[in-house]
Amino acid sequence: QVSGFRCQGKKQESCNLDLKKGIQMDEKYLRLLEATKALVNHIDTELVFDKGVQTGRGAFDTSRSEEFDDLVEKAREAVKNAEDA
């Protein structure tokens, strides 16, 4: 058994195909996890904001909306949960 795939009662060709799909999915999952982790890290370290207001004399004030902060926090928690699994 690999990645939740069971081969009992299946022809060998079908079983091999299921296992191959499972491995491909694991690779895709890991790439997604690493990309999400890198994105959250970039947002945290590079001071990424989703709102901006021109305050006059060429000044620009930036901030993060509650929604943006919530999404970043959910992504951070998902990465942590995936790494702890």
Distance in Å, T36 OG1 paired with N41 CG, rounded so as to fall on 0.5 Å steps:
12.5 Å

From CG (L71) to OG (S65), nearest 0.5 Å
7.5 Å

Testing the basics here: between L33 and V79, what is the closest heavy-atom pair and its distance to 0.1 Å?
CD1-CA, 3.9 Å

If you take all heavy atoms of Y29 and A82, which pair is closest and at what distance?
OH-CB, 3.0 Å

Counting only heavy atoms from other residues, nucleotides and ligands, does the tally under 6.0 Å from CD of E67 exceed 12?
no

Quick one: do L30 and L32 end up in the same hydrophobic cluster if we chain Ile, Leu, Val, Met, Phe, Trp and Tyr together by side-chain heavy atoms under 4.5 Å apart?
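No.
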
Name all pairs fulfilling the salt bridge (Lys or Arg N to Asp or Glu O under 4.0 Å) condition that reach into residues 75-85, sequence neighbours left out, sorted by first residue then second.
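Qualifying pairs, neighbours excluded: K37-E83, D44-R76, E73-R76, K80-D84.
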
What residue pairs, at least two apart or across chains, pass salt bridge (Lys or Arg N to Asp or Glu O under 4.0 Å) with a residue in residues 47-57?
none

Other hydrophobic cluster members with L47, side-chain heavy atoms of Ile/Leu/Val/Met/Phe/Trp/Tyr under 4.5 Å, chained?
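L47 clusters with F49.
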
